[in-house]
Amino acid sequence: MRVIDLVGKRFGRLEVISLCPERNKYGKTLWRCKCECGNTIIAIGSLLKRGNIKSCGCLYKETRHTVAKKHGAYGSRLYSLWNGIKARCFYPKHKEFNNYGGRGISICKEWLDFNVFREWAYTKGYRDDLTIERIDVNKDYCPENCTWISKAQQAWNKTSTVKVLYKDRLLTIQELAQETGVDKNLLRSRIRQQKWSVEKAVTEPLRLEKGKNC
């Protein structure tokens, strides 16, 4: 695939300096950028072009409190959840950025407005004891790919808890379920509780487990 040259172009406070010689581990094209504040960062080209990354992180720091006070939600748990989503997707210095923005996970344009996100949240049954979960871990934060679940459920489904080797790739249980079409709870039971091999877990017919609680 031909890479469109971004050198010299500006995206918010960032000016693209050069193309990085290697892509990241997810195959994303990387560019070295200089921010107006003087910092230099490495950014994914697709996120720059989509407007998801506009600075080294200084813009995010400067505006988050102003935005929060504007809609009167500063300090609320729901605002903190929303702000955390944006940070993971857009803030290169966030500790979890590589697992979200770094592999192309973003947040839909509508949800960049907290009021829109808040309306969706309460419409879908948000409570303070629930947390947001992406249904497909490889897709963005958006209404059709998100739901509210308990913290216990999220801990059970957490993508970083268990990874297994399948066809020379490390996959989480949820990713393995999406790829093979086998229910993730059944896979989790077979692999973690019954200690089956991954190959057996994805190929053994369900009828052989009749009478077992999987």
Asker: Are more than 12 heavy atoms from other residues, nucleotides or ligands located less than 6.0 Å from atom NZ of K9?
Answerer: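 Open.
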
Asker: Just grab all the salt bridge (Lys or Arg N to Asp or Glu O under 4.0 Å) pairs involving residues 31-44, residues at least two apart or on different chains.
Answerer: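 Salt bridge (Lys or Arg N to Asp or Glu O under 4.0 Å) check on residues 31-44 returns R10-E36.
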
Asker: If you look only at distance, which donor and acceptor atoms sit under 3.5 Å apart when one is on a side chain in residues 87-97 and the other is two or more places apart or in another chain?
Answerer:
unit_1 : atom_1 : unit_2 : atom_2 : d
R88    : NH1    : G84    : O      : 3.4
R88    : NH2    : Y141   : OH     : 3.1
H94    : ND1    : E96    : N      : 3.0

Asker: Please say yes or no: joined through hydrophobic side-chain contacts below 4.5 Å, possibly via intermediate residues, are L19 and I42 part of one cluster?
Answerer: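 Yes, L19 connects to I42 through the hydrophobic network.
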
Asker: Hey, is D140 close enough to R50 for a salt bridge, meaning N to O under 4.0 Å?
Answerer: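 R50 and D140: salt-bridged.
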
Asker: Do side-chain atoms of R190 reach the backbone of A201 as a donor and acceptor pair under 3.5 angstrom?
Answerer: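 Yes; judged by distance alone, with no hydrogens or angles, the pair exists.
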
Asker: Could you list the residues that satisfy side-chain contact (heavy atoms from CB on, under 4.5 Å) with E110, not counting sequence neighbours?
Answerer: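 If we apply the side-chain contact (heavy atoms from CB on, under 4.5 Å) test to E110, skipping adjacent residues, the hits are C108, V116.
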
Asker: So do the side chains of F117 and I107 get within less than 4.5 Å of each other, counting heavy atoms only?
Answerer: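 With C-beta onward as the side chain, the pair stays apart.
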
Asker: Which heavy atom of K184 sits nearest a heavy atom of I173, and at what distance?
Answerer: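 Reported closest heavy-atom pair: O-CG2, 3.6 Å.
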
Asker: Look up atom CG in L81 and atom CG in N83, then write down how far apart they are to the nearest 0.5 Å.
Answerer: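 L81 atom CG to N83 atom CG measures 10.0 Å (nearest 0.5 Å).
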
Asker: Tell me, do S55 and C37 make a side-chain contact under 4.5 Å, heavy atoms counted?
Answerer: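 No - every pair of side-chain heavy atoms lies 4.5 Å or more apart.
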
Asker: Between S106 and N52, do the side chains contain an N or O donor and an N or O acceptor separated by less than 3.5 Å?
Answerer: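 Present: a donor and an acceptor within the cut-off.
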
Asker: With a 6.0 Å cut-off on the ring centroids, do W82 and W111 count as close?
Answerer: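 Judged by ring-centre distance (under 6.0 Å), W82 and W111 do not meet the cut-off.
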
Asker: With sequence neighbours left out, write down each residue that passes side-chain contact (heavy atoms from CB on, under 4.5 Å) with K200, or none if nothing qualifies.
Answerer: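 Result, side-chain contact (heavy atoms from CB on, under 4.5 Å) vs K200: W196, S197, E204.
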
Asker: What about V7 and L47, same hydrophobic cluster or not, with Ile/Leu/Val/Met/Phe/Trp/Tyr joined at side-chain heavy-atom distances under 4.5 Å?
Answerer: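 Linked within one cluster.
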
Asker: Nearest 0.5 Å please: distance from the OG1 atom of T40 over to the CD atom of E15.
Answerer: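 It is 10.5 Å, given to the nearest 0.5 Å.
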
Asker: Go through the structure and list residues passing side chain to side chain donor-acceptor pair (under 3.5 Å) with E179, not counting sequence neighbours.
Answerer: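 Side chain to side chain donor-acceptor pair (under 3.5 Å) list for E179, sorted by chain: R169.
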
Asker: Please round to the nearest 0.5 Å and tell me the distance separating atom CG of N39 and atom CG of L14.
Answerer: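 Nearest 0.5 Å value for the CG-CG distance: 10.0 Å.
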
Asker: Give the cluster check for I44 versus I17: same hydrophobic cluster or not, with ILVMFWY residues linked at side-chain heavy-atom distances below 4.5 Å.
Answerer: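 No.
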
Asker: Minimum heavy-atom separation for Y100 and R134, please, with both atom names.
Answerer: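 Minimum heavy-atom contact is CE2-NH2, 3.3 Å.
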
Asker: Sequence neighbours left out, what passes ring pair (Phe, Tyr, Trp, His ring centres under 6.0 Å) with Y122? Give chain and number order.
Answerer: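 For Y122 the ring pair (Phe, Tyr, Trp, His ring centres under 6.0 Å) partners, ignoring immediate neighbours, are Y126.
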
Asker: Could you pull out the closest heavy-atom pair between G125 and L130, with the gap in Å?
Answerer: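 G125 and L130 have their closest heavy atoms at O-CD1, 3.5 Å.
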
Asker: Could you grab the distance from atom OG of S18 to atom CG of L30, nearest 0.5 Å is fine?
Answerer: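 If I round to the nearest 0.5 Å, the distance is 10.5 Å.
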
Asker: Considering only heavy atoms from C-beta outward, does the side chain of N98 approach that of R103 to under 4.5 Å?
Answerer: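 The answer is no; the side chains never approach within 4.5 Å.
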
Asker: If you round to the nearest 0.5 Å, how far is CG of L187 from CG of L176?
Answerer: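 Reported value, rounded in 0.5 Å steps: 5.0 Å.
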
Asker: Ignoring hydrogens, what is the shortest heavy-atom contact between I135 and T147? Give both atom names and the distance.
Answerer: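 Closest pair (atom of I135, atom of T147, distance): CG1-CG2, 4.4 Å.
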
Asker: So which pairs with a foot in residues 28-49 pass ring-ring contact (aromatic ring centres under 6.0 Å, His included), sequence neighbours left out?
Answerer: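 Passing the test, one end in residues 28-49: no pairs.
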
Asker: Check whether more than 12 heavy atoms from other residues, nucleotides or ligands sit under 6.0 Å from atom CD1 of I4, and answer yes or no.
Answerer: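 For I4, atom CD1 is not crowded (no more than 12 foreign heavy atoms under 6.0 Å).
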
Asker: What I'd like to find out is whether the side chain of R77 reaches to under 4.5 Å of the side chain of T131, using heavy atoms alone.
Answerer: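 In contact.
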
Asker: Looking at residues at least two apart in the chain, or sitting in another chain, which of them share a side chain to side chain donor-acceptor pair (under 3.5 Å) with D129?
Answerer: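 Counting only residues at least two positions away or on another chain, D129 forms a side chain to side chain donor-acceptor pair (under 3.5 Å) with R127.
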
Asker: Can you check whether V16 reaches F11 side chain to side chain, under 4.5 Å on heavy atoms?
Answerer: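 Sidechains of F11 and V16: in contact.
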
Asker: Flag the pair L171 / Q178 as yes when at least one side-chain heavy-atom distance between them is below 4.5 Å, and no otherwise.
Answerer: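 The answer is no, as the side chains (C-beta and beyond) never meet within the 4.5 Å cut-off.
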
Asker: How long is the gap from OG on S189 to NZ on K195, to the nearest 0.5 Å?
Answerer: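 Here the interatomic distance stands at 11.0 Å.
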
Asker: Among all residues two or more places apart in sequence or in another chain, which pass the side-chain contact (heavy atoms from CB on, under 4.5 Å) test with N99?
Answerer: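 So N99 forms a side-chain contact (heavy atoms from CB on, under 4.5 Å) with Y26.
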
Asker: Restricting to non-hydrogen atoms, name the atom on V198 and the atom on I191 that form the minimum distance, rounded to 0.1 Å.
Answerer: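 Taking V198 first and I191 second, the nearest heavy atoms are CG2-CD1, 4.4 Å.
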
Asker: For L6 and K49, which heavy atoms make the closest approach, and how far apart are they?
Answerer: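 The answer is CD2-CD, 4.2 Å.
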
Asker: Measuring only between side-chain heavy atoms, which start at C-beta, is T180 closer than 4.5 Å to T203?
Answerer: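 They are not in contact (no side-chain heavy atoms under 4.5 Å apart), so the answer is no.
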
Asker: Checking the side chain of N24 only, and the main-chain atoms of K28 only, is there a donor and an acceptor separated by less than 3.5 Å?
Answerer: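 Here the side-chain-to-backbone pair exists.
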
